[in-house]
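Below is one structure, written out as structure tokens; comments come after it.
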Amino acid sequence: MKSFGERLHEATVKRGPLCVGIDPHAALLARWGLSDDVAGLERFARTVVDALADRVAVLKPQSAFFERFGSRGIAILESTIRQSREAGALILLDVKRGDIGSTMAAYASAYLDSGSTLRADAITVSPYLGVGSLQPAFDLATETGAGIFVLALTSNPEGPSVQHAVAPGGKTVAQTVIDEISQLNAGASPLGSFGLVVGATIGETGHDLSAVNGPLLSPGLGAQGGTAADLRSVFGDSLHNVLPSYSREVLSAGPGIAGLRDAADRVLADCRTALG
């Protein structure tokens with residue numbers, strides 16, 4: 001069984017370093033001329049899959065936009081995951097879960113267990129109950145060959161008040177998270193399976209990402225203000241591990257499949273240039 005890090009490396013070599021979000025929020029459904037209901041959700045998700053799942057390395061459904069429609073929305077999320085995987089895309093499910101003990105183990109089972117209908121190739125998690133609280137997810141990911149992306153340096157304006165706070169020992173909270181994830185990837189080749197989420201708009205923060213040896217998911221590109229060129233100032237010598245993530249910049253080019261593909265091709269070209 002190949003690890004997530006191995007599969008992600010192969011996918012980005014073959015398809016290019018690009019993650020595209022599937023974020024069917026109400027305003028975007030309206031822009032596409034779709035109703036803000038289960039029918040609109042299903043049409044939106046299926047169109048994105050048809051346009052991009054056989055072309056981009058990673059698709060990232062935002063679970064909340066499916067969950068808001070209850071069980072019928074979850075059923076569409078399950079179909080989206082299955083159809084995307086069948087077309088060859090890796091699935092990074094954006095759930096940002098974070099809890100302790102048996103509850104964290106249950107979240108991990110829901111999204112990473114091989115028998116789950118919501119099984120993804122990787123998920124996002126929050127470390128703010130302590131990185132150690134995420135151990136059930138790390139353990140199951142290792143067992144099933146999945147990946148974990150841990151929030152580290154996010155681009156929302158409220159983030160620095162927590163992430164840049166100084167922890168016992170003199171490191172920032174974010175650097176503590178970075179260092180603990182780096183330990184999980186020690187010795188992995190060609191890429192570890194435990195990644196970090198680092199926003200594309202944060203600029204130079206003085207944090208050291210050089211030892212992570214895992215994927216660095218960078219949202220905030222495009223409509224949120226970040227450009228591919230900004231990645232150089234954020235990541236420096238760690239550029240080779242960056243997975244740029246776009247959502248509205250690509251999705252707003254719909255509902256036509258050709259428009260979505262053209263937008264994805266355009267931002268991928270920008271990313272290739274920026275990442276070298």
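Keep in mind it's a predicted model, so treat the numbers as computed, not measured. Quick note: residue numbers are just sequence positions, from 1.
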Common cluster, Leu243/Leu151, ILVMFWY with side-chain heavy-atom separation under 4.5 Å:
yes
Cluster link Ile178 to Leu216, ILVMFWY, side chain under 4.5 Å
yes
Would Ser233 and Glu204 count as having a side-chain donor-acceptor pair, cut-off 3.5 Å?
no
Walk me through it: do Ile76 and Phe69 pass the test side chain to side chain contact (heavy atoms under 4.5 Å, CB included)?
CA-CA 10 Å; Ile76 294 170; Phe69 293 106; over 6 Å; no
Main-chain N/O of Ile91 paired to Asp121 side chain as donor or acceptor, under 3.5 Å:
yes
Is there a chain of hydrophobic side chains (I, L, V, M, F, W, Y, each step under 4.5 Å between heavy atoms) that links Leu196 to Leu239?
yes
How long is the gap from CG on Asp230 to CD1 on Ile202, to the nearest 0.5 Å?
10.5 Å
Under a plain distance cut-off of 3.5 Å, with no hydrogens placed, do Gln163 and Thr154 share a side-chain donor-acceptor pair?
yes
Any donor-acceptor pair under 3.5 Å linking the side-chain atoms of Gln62 with those of Asp94?
yes
Are Lys171 and Asp179 close enough for a salt bridge, meaning some N to O gap below 4.0 Å?
yes
Given side chains that start at C-beta, do those of Arg248 and His25 come closer than 4.5 Å, heavy atoms only?
yes
Quick one: do the Gln83 and Ser79 side chains pair a donor with an acceptor below 3.5 Å?
no
Quick one: pull up OG in Ser71 and CZ in Phe66 and give me the separation to the nearest 0.5 Å.
14.5 Å
Give a yes or no answer on whether the side chain of Ser218 reaches the backbone of Val198 with a donor-acceptor pair at less than 3.5 Å.
yes
Before accepting this row, confirm whether a basic side-chain N of the pair Asp36/Arg68 lies closer than 4.0 Å to the acidic partner's carboxylate O.
yes
Inter-residue atom distance Thr176.OG1 - Glu180.CD, 0.5 Å rounding
7.0 Å
To check you understand the geometry: which heavy-atom pair defines the closest contact between Gly254 and Leu260, and what is its length?
N-CD2, 3.7 Å
Ala146 versus Ala120, closest heavy-atom pair with distance:
CB-O, 4.5 Å
If every non-hydrogen atom of Leu93 is compared with every non-hydrogen atom of Pro61, which pair is closest and at what distance?
CD1-O, 3.6 Å
Residue set satisfying side chain to side chain donor-acceptor pair (under 3.5 Å) with His207, at least two apart, ordered chain then number -> Thr172, Thr205
Just wondering, do Arg97 and Ser126 contact through their side chains at under 4.5 Å, heavy atoms?
no
Name of the residue among Val212, Asn241, Leu191 meeting side chain to side chain contact (heavy atoms under 4.5 Å, CB included) with Asn185:
Val212
Flag side-chain contact, heavy atom, 4.5 Å: Leu134 against Pro127
yes
State whether the side chain of Glu6 and the backbone N or O of Ser3 hold a donor-acceptor pair below 3.5 Å, judged by distance alone.
yes
Are any side-chain N or O atoms of Thr124 and backbone N or O atoms of Val95, one a donor and one an acceptor, separated by less than 3.5 Å?
yes
Less than 4.0 Å between a side-chain N and a carboxylate O, is that true for Arg261 and Asp265?
no
Looking at Arg72 and Glu42, is any side-chain nitrogen of the basic one under 4.0 Å from a carboxylate oxygen of the acidic one?
no
Going by heavy atoms in the side chains, are Pro219 and Ser247 under 4.5 Å from each other?
no
Answer yes if Val150 and Val58 sit in the same cluster of Ile, Leu, Val, Met, Phe, Trp and Tyr residues linked by side chain heavy atoms under 4.5 Å apart, and no otherwise.
no
What orientation do Phe44 and Trp32 show, parallel under 30°, tilted 30 to 60°, or perpendicular over 60°?
tilted
Show your working on side chain to side chain contact (heavy atoms under 4.5 Å, CB included) between Leu153 and His164 and close with a plain yes or no.
CA-CA 9 Å; Leu153 290 162; His164 293 193; 3.7 Å; yes
So Leu217 and Cys19, do their side chains get closer than 4.5 Å, heavy atoms only?
yes
Using only atom types and a distance under 3.5 Å, with no angle test, would you say the side chain of Thr80 pairs donor to acceptor with the backbone of Ala45?
no
Do Leu41 and Ser35 come close enough that some side-chain heavy atom pair is under 4.5 Å?
no
Indicate the atoms forming the closest heavy-atom contact of Leu184 with Phe194, along with that distance.
CB-CD1, 3.7 Å
Could you grab the distance from atom CG of Leu118 to atom OG of Ser63, nearest 0.5 Å is fine?
7.0 Å
Between Thr144 and Leu140, is there a donor-acceptor pair closer than 3.5 Å when you use the side chain of the first and the backbone of the second?
yes
Please check if Leu92 and Val49 belong to a single hydrophobic cluster, counting links between Ile, Leu, Val, Met, Phe, Trp and Tyr side chain heavy atoms closer than 4.5 Å.
no
Do any N or O atoms from the side chain of Asp208 and from the backbone of Ser210 form a donor-acceptor pair under 3.5 angstrom?
yes
Do side-chain atoms of Thr103 reach the backbone of Asp99 as a donor and acceptor pair under 3.5 angstrom?
no
Of all heavy-atom pairs linking Ile181 and Gly195, the shortest is CG2-O, 4.1 Å
I'd like to check Glu249 versus Arg266 (side-chain heavy atoms, cut-off strictly below 4.5 Å). Are they in contact?
yes
Taken to the nearest 0.5 Å, the spacing of Gln224 CD from Tyr246 OH works out to 11.5 Å
Result for side chain to side chain contact (heavy atoms under 4.5 Å, CB included) between Ile22 and one of Val250, Leu52, Ile81, Val48 points to Val48
If we ignore hydrogens and angles and just use 3.5 Å, is the side chain of Ser116 paired with the main-chain N or O of Leu112 as donor and acceptor?
no
So how far is it from Ser84 OG to Lys60 NZ, rounded to the nearest 0.5 Å?
13.0 Å
Between Ala200 and Val234, which heavy-atom pair has the shortest distance, and what is it?
O-CG2, 3.6 Å
More than 12 heavy atoms of other residues, nucleotides or ligands under 6.0 Å from CD1 of Ile100: yes or no?
no
Thinking salt bridges, do Arg119 and Asp113 make one under a 4.0 Å N-O criterion?
no
